[in-house]
Amino acid sequence: MSVRKIIIDTDPGQDDAVAILLALGSPDEVEVLGITCVAGNVPLDLTTRNARMVCELAERRDIKVYAGCDRPLNRGLVTAEHVHGKTGLDGPNLPEPTMRIEDMHAVDFIIETLRKESEGTVTLVPIGPLTNIATAFRRAPEIVRNVREVVLMGGAYFEVGNITPASEFNIHVDPHAADTVFSSGVPIVVMPLDVTHKALVTRARNDAFRALGNRVGEAAAEMTDFFERYDREKYGSEGAPLHDPCTVAYLIRPELFSGRHVNVEIETQSELTMGMTVTDWWGVTDRTPNALFIGDLDADGFFDLLTERLARL
């Protein structure tokens, strides 16, 4: 399998951090061209801080980090400190980053990279609100045809909402951006709550991170120790779902996942259901399929992969 060139668009977030670590621990499968940050779980100044802290944790100060949009396209910013803590990366005691933030705006980096790289060779991996991606698509619509694929974490169907009764957080924060991306015609793979809620960090799996004996494994265990308190209380689950690493794991081992190619529309009109991913899972409309909507995964295989790659860092 050829190495995938990817841009990770993120709002770290403990699960975002683990996704970045998985990518950095998998250089034979993915090449991280850059990390673009967006406001989401916490404001932009913290998401850029957290992304650089994670790169330094992995001893990858060569990775370029770009600051992007600090608010959604048409709405005020909604954040999730109640889940991720006041820094967005509460849990491990990581040193303040010394890496610089690149001068170029994240949106400009996305546009420039897609124009420069060969057509169909760059995969976008958004694991936060889709503001940066949508802004790039709106500003330079010709780049859409250059995107190999968008593999994103967001939305839900059977699991409905985790921030409102109808919507998942990443889509809810900027539904208009999500609508732009889903209607762009770009190939899309969606990791919704329906699959990510099956990627649970049980006590045994968290112990496996800690048992790696390296700083990355210890930090990952500390992140999920902190992160899991919210979901255990909310869902009564046996651990925290690792939402965002599902995207990177799919790029490395797609056979771990299964889903359906269906139509997904984003609700942008009703305040009651704003940000809902209206998914035609049962094919009851004649709307053209526009996304591979993932519904299941091999959880043991997923955690085996994740643990193996964290051990490399």
| remark: Between the CE atom in Met274 and the CD1 atom in Ile171, the distance rounded to the nearest 0.5 Å is 13.0 Å
| said: Set out, in order, the CA-CA distance, both residues' side-chain angles and the distance that settles side chain to side chain contact (heavy atoms under 4.5 Å, CB included) for Ile188 and Val264, then state yes or no. | reply: CA-CA 10 Å; Ile188 296 175; Val264 181; over 6 Å; no
| request: Taking side-chain hydrogen bond (donor to acceptor under 3.5 Å, both in side chains) as the test, write out the residues that go with Gln269, two or more places apart. | output: none
| message | Testing the basics here: between Ile294 and Asp194, what is the closest heavy-atom pair and its distance to 0.1 Å? | response | O-CB, 4.5 Å
| said: Taking Val262 as the starting point, is it possible to reach Val284 by hopping between hydrophobic residues whose side chains are less than 4.5 Å apart? | reply: yes
| field | Note, Arg253 side chain near Asp298 side chain (heavy atom, < 4.5 Å) | value | no
| Going from OG1 on Thr113 to CE on Met104, what distance comes out if it is rounded to the nearest 0.5 angstrom? | 7.5 Å
| request: Report whether Leu251 and Val147 are members of the same hydrophobic cluster (ILVMFWY, side-chain heavy atoms less than 4.5 Å apart, transitive linking). | output: no
| field | Donor-acceptor contact below 3.5 Å, side chain Asp70 vs main chain Leu44 | value | no
| task | Go through the side-chain N and O atoms of Thr285 and Asp280 and say whether any donor and acceptor fall under 3.5 Å apart. | result | yes
| query | With distance as the sole criterion, is a donor-acceptor pair present between the side chains of Asp296 and Ser258 under 3.5 Å? | reply | no
| task | Determine, using the 4.5 Å side-chain heavy-atom cutoff (strictly less than), whether Leu297 and Val18 are members of one ILVMFWY cluster. | result | yes
| Under 3.5 Å, side chain of Glu81 to main-chain N/O of Lys86, donor-acceptor pair present? | no
| message | Tell me whether the count of non-hydrogen atoms from other residues, nucleotides or ligands lying under 6.0 Å of NZ in Lys198 goes above 12. | response | yes
| message | Could you measure the distance from the CG atom of Leu130 to the NE2 atom of His176? Nearest 0.5 Å is fine. | response | 13.5 Å
| said: Donor-acceptor check, side chain of Asp11 to backbone of Asn41, threshold 3.5 angstrom: yes or no? | reply: yes
| field | Beyond-backbone contact of Val195 with Phe293, side-chain heavy atoms, under 4.5 angstrom | value | no
| field | Residue pair Pro43 / Leu77: nearest heavy atoms and the distance that separates them | value | CA-CD2, 4.3 Å
| Do Leu124 and Asp9 come within less than 4.5 Å of each other through their side chains, counting heavy atoms only? | no
| query | Would you say Gln14's side chain and His84's backbone share a donor-acceptor pair under 3.5 angstrom? | reply | yes
| query | Got Val189 and Glu149 here, is their nearest side-chain heavy-atom distance under 4.5 Å? | reply | yes
| task | Assess whether side chain to side chain contact (heavy atoms under 4.5 Å, CB included) is satisfied between Glu119 and Arg148, documenting all intermediate values. | result | CA-CA 8 Å; Glu119 184 174 333; Arg148 175 172 177 176; over 6 Å; no
| query | Do Ser26 and Val248 touch side chain to side chain, with heavy atoms closer than 4.5 Å? | reply | no
| field | Asn93 to Arg215 - nearest heavy-atom pair and separation | value | O-NH2, 3.6 Å
| If we only count heavy atoms from C-beta on, is the Phe137 to Ile143 side-chain gap below 4.5 Å? | yes
| message | Quick check on the hydrophobic clustering: are Val125 and Val186 connected, directly or via other members, by side-chain heavy-atom contacts under 4.5 Å? | response | no
| query | So Phe303 and Phe209, would you call those rings parallel, tilted or perpendicular, with 30° and 60° as cut-offs? | reply | tilted
| request: Report the distance from atom OG1 of Thr247 to atom CD1 of Ile6, rounding to the nearest 0.5 Å. | output: 7.5 Å
| With a 4.5 Å limit on heavy-atom distance, are the side chains of Trp282 and Arg260 in contact? | yes
| said: Do the side chains of Arg203 and Asp225 get close enough for a salt bridge, i.e. N-O under 4.0 angstrom? | reply: yes
| Flag, side chain of Asn50 to backbone of Ala17, donor-acceptor distance under 3.5 Å | no
| Is atom CZ of Arg210 surrounded by more than 12 heavy atoms (other residues, nucleotides or ligands) closer than 6.0 Å? | yes
| said: Would you say that Glu29 contacts Leu22 through its side chain, given a criterion of any heavy-atom pair below 4.5 Å between the two side chains? | reply: no
| said: The test is side chain to side chain contact (heavy atoms under 4.5 Å, CB included); show your working for Arg61 and Thr98 and say whether it passes. | reply: CA-CA 9 Å; Arg61 291 171 176 81; Thr98 58; 4.2 Å; yes
| request: Please say whether more than 12 non-hydrogen atoms of neighbouring residues, nucleotides or ligands are located less than 6.0 Å from CD in Glu59. | output: no
| query | Are Asp45 and Arg49 close enough, and set up right, to give a side chain to side chain contact (heavy atoms under 4.5 Å, CB included), and what steps lead you there? | reply | CA-CA 6 Å; Asp45 62 329; Arg49 166 189 179 267; over 6 Å; no
| Donor-acceptor pair, side chain of Thr47 and main chain of Val38, under 3.5 angstrom | yes
| request: Please check if the side chain of Glu56 supplies one atom and the backbone of Met99 the other of a donor-acceptor pair under 3.5 Å. | output: yes
| query | Which heavy atom of Gly68 sits nearest a heavy atom of Ala106, and at what distance? | reply | CA-CB, 3.4 Å
| query | Between Asp300 and Arg205, is the closest basic N to carboxylate O distance under 4.0 Å? | reply | yes
| field | Shortest non-hydrogen separation from Cys69 to His105 and the atoms involved | value | N-CE1, 3.9 Å
| field | Asp15 side-chain N/O to Pro245 backbone N/O, donor-acceptor pair under 3.5 Å | value | no
| message | Within this structure, what is the OG1-CD distance for the pair Thr277 and Glu267, rounded to the nearest 0.5 Å? | response | 11.0 Å
| message | List the residues meeting ring-ring contact (aromatic ring centres under 6.0 Å, His included) with Tyr66, not counting sequence neighbours, and say none if there are none. | response | Phe109
| How far does NE2 of His261 sit from CG of Leu292, to the nearest 0.5 angstrom? | 7.0 Å
| Heavy-atom pair with the smallest gap, counting every atom of Ala136 and Ile110 | CB-CG2, 3.9 Å
| said: Between Asn290 (side chain only) and Ser183 (backbone N and O only), is there a donor and an acceptor less than 3.5 Å apart? | reply: no
| Test applied, side-chain hydrogen bond (donor to acceptor under 3.5 Å, both in side chains); reference residue, Asp174; option that passes from Thr135, Asn132, Thr131 | Thr131
| note | With sequence neighbours left out, the residues meeting side-chain hydrogen bond (donor to acceptor under 3.5 Å, both in side chains) with Asp108 are Arg139
| query | Can Met53 be reached from Met223 by stepping across I, L, V, M, F, W or Y side chains whose heavy atoms are under 4.5 Å apart? | reply | yes
| query | Any Lys/Arg nitrogen of Glu102 or Arg100 sitting under 4.0 Å from an Asp/Glu carboxylate oxygen of the other? | reply | yes
| query | Can any side-chain N or O of Thr307 pair as donor or acceptor with the backbone N or O of Asp304 at less than 3.5 Å? | reply | no
